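Working notes for the structure below.
Note that ligands are numbered from 1 as they come in the structure, with each ligand's atoms numbered from 1 the same way. What you see is a predicted model; the values in this text were computed from it and never measured. Residues: numbered from 1 along the sequence shown.
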Amino acid sequence: MTIKIKEEKDVLLINPLLHPIEFETPLGMLYLATVLAENFCGAKILDFAFEKNYSKLKKELKVKDYKVVGIYSMSGFYTSAEKVAKMVKKLCPETFLIIGGPHATIFPEEILQNKLVDGVVIGEGEKALPKIIDAIKKKKNFENINNFYYKKQNNIIKSRKESLEIKNIPIPNRYLLDNLEQYKFSKEKMFGYKALNMIASRGCPFTCEFCQPMLQSMFGTKTKLRNPREIIKEIYQLKSRYGVEAIWFSDDTFTFDKNWVHDICKEIIKQKIEIKWSCNSRVDTVDEKLLKHMAKAGCIQIRYGVESGSDIISQGSLGKKITAKKTRKAFALADKYKINTWAYTMLGGPEETEETFEETKKLLREIKPVHIQLTITTPLPGTYYYKNLDKMDITLRRKPFGKVDLFRDSITDSKKLSHKKIKRMYKGFRKEFKQYYLERIKHEI
Ligand code: SF4
């Protein structure tokens, strides 16, 4: 009989979400793997975005033994992270298993109750992970590692939360992804160009009820900006090394600091970089001068958080603090400079009624976005909305820890709208506004 000896490897990073609605390179894990490589530690990334099941993971773990496995977790698909954790420990029982990401940042102690989990990285992991791996390799203790919770003799040991300086953070090495072409292809379908995502900043200081303070728990309360010089360097790299024609800045609010955006635009124009790009924005963080400059520097699409056409909802329970008037102006300005518009909209929050949703539809008919993305307002753990369900008279049908489909399912009943009614309204909306949906989403209607 021959005994199979498994190949020994350092780190495996896993994104367990199967087939998401929009494909993006898993930048969080790419940053980690890049930093680990700089610390002489090899990391492999397994992203299940293009997979239908976890057979690839089984294959990987049958031939390789990883010292450390890190699993990314978000509340909406935490059950997938748990499923993957079970598979990992079954095939590699000696592996040190770490959970990271937003869900882990909000519930580190609860996650550590799971016997299979050895540690939790909270917030940003670029500093913590190399130290954890070094400690494991050298059999040292984990003392003085910030952003890390672990178990010691049945006790949970906590550490201080640290927000990282990202001004000159290393540029992610995208060659660490096996299937880079697939990401480019899917972006091409949605965008018209071969595109990849990058980030120029982290975090958002605004306090929308359905989003915060989860985001601030991850990245701190301020927007952290990268050095424009580094951003330009990465744009060059994306073009020359990876062959992209366009970039999707997946920052939470790219236009938060106008002067900084002007600096980036100035450099793109000065250096004659031919690149198209797209970004997330808020209607109250742009003005004519900025949009004109952005268009000149290659911006072809701007994604605004419109959320609702009702000021009562935007200013009230959503905490978005924008007005329909501001939204109209921001869309008109983008149209003026031929920047395609994308409207993120929401349905079914605490104060929503059939009338307020009619206001949203009316606003959308006026502003005519090129794309609309409607999601069902869902109280995600770690948000003010989730914390204040009682105050808002909202009943949860189930906890949002399993598969939460913000594009199809409602898990809330309010005094004004039942989940069934919300779902019916959602369906009706998608039928009426079908021409505004992206091809891929249209097929799923
Ligand atoms: S929804 Fe957008 S603007 Fe509001 S807090 Fe989240 S990222 Fe910031």
Side-chain angles (χ1 to χ4, degrees), residues 21-22 24 27-28 74-76 101-103 105-106 123-124 163 166 197-226 248-258 260-261 278-287 290-291 301-324 326-327 329-331 334 341-352 360 363 369 371-388 392 400 404 406-407:
I21 195 86
E22 198 176 351
E24 283 183 7
L27 274 181
M74 276 177 72
S75 298
H103 188 78
T105 301
I106 299 155
E124 296 158 297
S163 175
I166 65 155
N197 57 317
M198 70 173 266
I199 55 136
S201 64
R202 275 185 189 169
C204 177
F206 293 99
T207 51
C208 306
E209 300 269 328
F210 54 90
C211 173
Q212 298 287 21
M214 183 170 62
L215 202 56
Q216 297 183 344
S217 313
M218 279 297 292
F219 302 122
T221 51
K222 293 184 181 137
T223 298
K224 300 187 286 191
L225 309 174
R226 286 178 61 204
W248 153 232
F249 286 102
S250 48
D251 307 43
D252 298 302
T253 308
F254 181 78
T255 50
F256 171 69
D257 186 324
K258 291 193 189 76
W260 172 78
V261 180
S278 161
C279 64
N280 281 326
S281 177
R282 278 177 62 105
V283 296
D284 56 355
T285 59
V286 293
D287 57 24
L290 186 70
L291 288 172
Q301 183 193 60
I302 191 158
R303 301 183 180 198
Y304 291 122
V306 171
E307 324 305 359
S308 171
S310 156
D311 285 356
I312 293 174
I313 290 188
S314 285
Q315 310 257 355
S317 57
L318 290 186
K320 186 82 189 185
K321 298 182 183 141
I322 55 170
T323 58
K326 278 206 169 129
T327 301
K329 190 167 176 207
F331 273 77
T341 49
W342 177 305
Y344 293 114
T345 43
M346 303 180 85
L347 156 70
E351 291 164 301
E352 191 87 84
T360 303
L363 179 64
H371 294 302
I372 296 172
Q373 182 174 307
L374 178 70
T375 49
I376 293 178
T377 315
T378 304
L380 293 172
T383 61
Y384 296 119
Y385 184 20
Y386 186 75
K387 274 187 203 154
N388 296 325
M392 295 185 180
V404 179
L406 306 181
F407 294 93

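Ring planes of Phe206 and Phe256: perpendicular class, angle over 60° (limits at 30 and 60°).
Across Asn280 and Asp252, no two heavy atoms sit closer than the pair CB-O, 3.5 Å. In terms of heavy atoms, Tyr386 sits closest to Pro379 at CD1-O, 3.3 Å.
Atom numbering of ligand 1 starts at 1 in the shown order; those under 4.0 Å from a heavy atom of Phe210 are 1 (S).
Looking only at atom types and distance, the side chain of Glu351 has a donor-acceptor partner in the side chain of Ser317 under 3.5 Å away.
Among Lys320, Lys321, Glu307, the residue whose heavy atom sits closest to atom 2 (Fe) of ligand 1 is Lys320.
Lys224 NZ: more than 12 foreign heavy atoms inside a 6.0 Å radius. Enclosure of atom NZ in Lys222 is not indicated, since only 12 or fewer non-hydrogen atoms of other residues, nucleotides or ligands lie within 6.0 angstrom.
Annotation: protein N, O or S atoms under 2.8 Å of atom 8 (Fe) of ligand 1 (waters excluded) comprise Cys204 SG.
The salt bridge (charged side-chain N to carboxylate O under 4.0 Å, His left out) check on Glu352 picks up nothing, with sequence neighbours excluded.
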